[in-house]
Every structure is written in C-alpha cells, then in structure tokens.
Asks: 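One structure follows; several queries about it will come next.
Keep in mind it's a predicted model, so treat the numbers as computed, not measured.
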Amino acid sequence: METLYDRLGGETTLHALVNVFYNKVLHDLNLKKKFVETDMESLKAHQIEFMTFVFGGSKHYPIERIAEAHKNLKIQEHQYAAVCMHLQQSMRELEVDDVLISEVMEIVGTTHDMI
C-alpha cells in the first residue's frame with residue numbers, strides 16, 4: 001500500500017508545497033511578523049522533514065519538536081486557521097487531489113494542541 005507521502009508525489013511535491021506555502025504565509029500581514037527572525041531555509045527543511053514523517057515517508061521524527069518550536073510564539077486561533085487555509089490553497093495551486101488534501105488536513109489537525 002502506498003503511503004500518503006508517495007501518493008502526494010514524494011520529495012519533489014513536498015519541496016514545492018513548502019515553498020508555495022511559506023510564500024503565502026510570509027505575504028499574510030497577520031502571520032509574517034511571527035517569522036521576522038526566523039531562518040526560513042532551516043524552517044523549510046524542518047517542515048519537509050516533519051511532513052515526510054507524518055505522511056509516511058520516513059520512520060523517525062522527534063514529534064516533541066513541534067511543541068518546543070511553537071511554545072513561545074503565542075499563536076492565536078485565527079493565525080492557526082490562516083496557516084491551515086494557506087496550506088490548503090497551496091495544495092490546490094499545486095493541483096493536489098481533493099482526497100489527498102483532506103487526508104493532509106486531517107493529519108495537520110492532530111497537531112493543533114501542540115501548536
């Protein structure tokens with residue numbers, strides 16, 4: 001059985017998705033201030049590593065990193081919702097199938113309380 005990672009298109013798709021996604025996030029006036037002092041290349045690499053893991057492309061990721069990375073950011077619910085919206089829009093822009101988008105968003109939802 002193919003993993004979600006494989007069905008999404010693997011590494012190539014995740015790299016494209018992360019680039020499109022962060023482009024949207026960094027142009028969102030309500031979000032970009034959260035990333036002012038962020039090393040975006042490092043963040044993108046971590047995001048790809050995380051997505052690879054949660055979508056079944058690797059066996060290891062220190063999941064506690066999520067809470068640790070977000071603990072001092074004071075992310076508000078509307079900001080979390082905006083990030084989710086940008087992720088969905090990014091996948092649509094990359095012509096990801098709606099069924100796969102739903103699977104991705106379900107997985108993303110499991111991280112809500114860590115963020």
Asks: With sequence neighbours left out, what residues match E103 under salt bridge (charged side-chain N to carboxylate O under 4.0 Å, His left out)?
Replies: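 If we apply the salt bridge (charged side-chain N to carboxylate O under 4.0 Å, His left out) test to E103, skipping adjacent residues, the hits are R7.
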Asks: Report yes if some heavy atom in the side chain of V20 is under 4.5 Å from a heavy atom in the side chain of H86; otherwise report no.
Replies: no
Asks: T111 and V108: which non-hydrogen atoms are nearest, and at how many Å?
Replies: OG1-O, 2.6 Å
Asks: With Y80, which residues qualify under ring pair (Phe, Tyr, Trp, His ring centres under 6.0 Å), at least two apart?
Replies: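 Only H112 meet the ring pair (Phe, Tyr, Trp, His ring centres under 6.0 Å) criterion with Y80.
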Asks: Which pair of non-hydrogen atoms, one from L31 and one from A82, has the smallest distance, and what is that distance?
Replies: CD1-CB, 4.0 Å
Asks: By the salt bridge (charged side-chain N to carboxylate O under 4.0 Å, His left out) test, which pairs, at least two apart or in different chains, include something from residues 23-40?
Replies: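 Counting only pairs at least two positions apart or across chains, the salt bridge (charged side-chain N to carboxylate O under 4.0 Å, His left out) contacts touching residues 23-40 are K24-E93.
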Asks: Which residue is it: L100, T13, L8? I am looking for the one with a side chain to side chain contact (heavy atoms under 4.5 Å, CB included) to F55.
Replies: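 The single option meeting the side chain to side chain contact (heavy atoms under 4.5 Å, CB included) with F55 is L8.
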Asks: Mind listing the closest non-hydrogen atom pair of Q76 and H78 along with its distance?
Replies: OE1-CE1, 2.7 Å
Asks: Taking only residues two or more places apart in sequence, or in another chain, which ones meet T3 in a side chain to side chain donor-acceptor pair (under 3.5 Å)?
Replies: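 Counting only residues at least two positions away or on another chain, T3 forms a side chain to side chain donor-acceptor pair (under 3.5 Å) with D6.
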Asks: Atom CD1 in I101, atom CG in L94: separation rounded to 0.5 Å?
Replies: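 One gets 9.0 Å once the value is rounded to the nearest 0.5 Å.
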Asks: Nearest 0.5 angstrom please: M91 CE to S102 OG, how far?
Replies: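 Atom-to-atom, M91:CE and S102:OG are 8.5 Å apart.
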Asks: Taking L43 as the starting point, is it possible to reach V18 by hopping between hydrophobic residues whose side chains are less than 4.5 Å apart?
Replies: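 Same cluster.
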Asks: Could you note down all residue pairs passing salt bridge (charged side-chain N to carboxylate O under 4.0 Å, His left out) where residues 47-61 supplies at least one of them, sequence neighbours left out?
Replies: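 Sorted result for residues 47-61: E49-R65.
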Asks: Can you tell me if CD on E11 sees more than 12 non-hydrogen neighbours from other groups inside 6.0 Å?
Replies: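 12 or below, so no.
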Asks: Can you list everything that forms a ring pair (Phe, Tyr, Trp, His ring centres under 6.0 Å) with Y5? Sequence neighbours excluded, please.
Replies: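 None.
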Asks: Tell me the ring pair (Phe, Tyr, Trp, His ring centres under 6.0 Å) pairs involving residues 19-40, sequence neighbours left out?
Replies: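 Applying ring pair (Phe, Tyr, Trp, His ring centres under 6.0 Å) to every pair that reaches into residues 19-40, excluding sequence neighbours, yields nothing.
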Asks: Could you tell me the separation between the CG atom of L17 and the CE atom of M51, rounded to the nearest 0.5 Å?
Replies: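 The distance works out to 5.0 Å.
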Asks: Holding to side chain to side chain donor-acceptor pair (under 3.5 Å), I want the full list of residues that pass it with N30, two or more places apart in sequence or in another chain.
Replies: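 For N30 there are no side chain to side chain donor-acceptor pair (under 3.5 Å) partners, ignoring immediate neighbours.
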Asks: Would you say that V83 contacts I75 through its side chain, given a criterion of any heavy-atom pair below 4.5 Å between the two side chains?
Replies: no
Asks: I need the Q47 CD to N19 CG distance, nearest 0.5 Å.
Replies: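 Taking CD in Q47 and CG in N19, the distance rounds to 11.5 Å.
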Asks: Listed by chain and number, what are the side chain to side chain contact (heavy atoms under 4.5 Å, CB included) partners of S58, not counting sequence neighbours?
Replies: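 Here the qualifying residues are T52, F53.
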Asks: Holding to side chain to side chain contact (heavy atoms under 4.5 Å, CB included), I want the full list of residues that pass it with E106, two or more places apart in sequence or in another chain.
Replies: none
Asks: Please identify each residue that fulfils side chain to side chain contact (heavy atoms under 4.5 Å, CB included) with V54, with sequence neighbours left out.
Replies: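 V54: side chain to side chain contact (heavy atoms under 4.5 Å, CB included) contacts with F50, I107.
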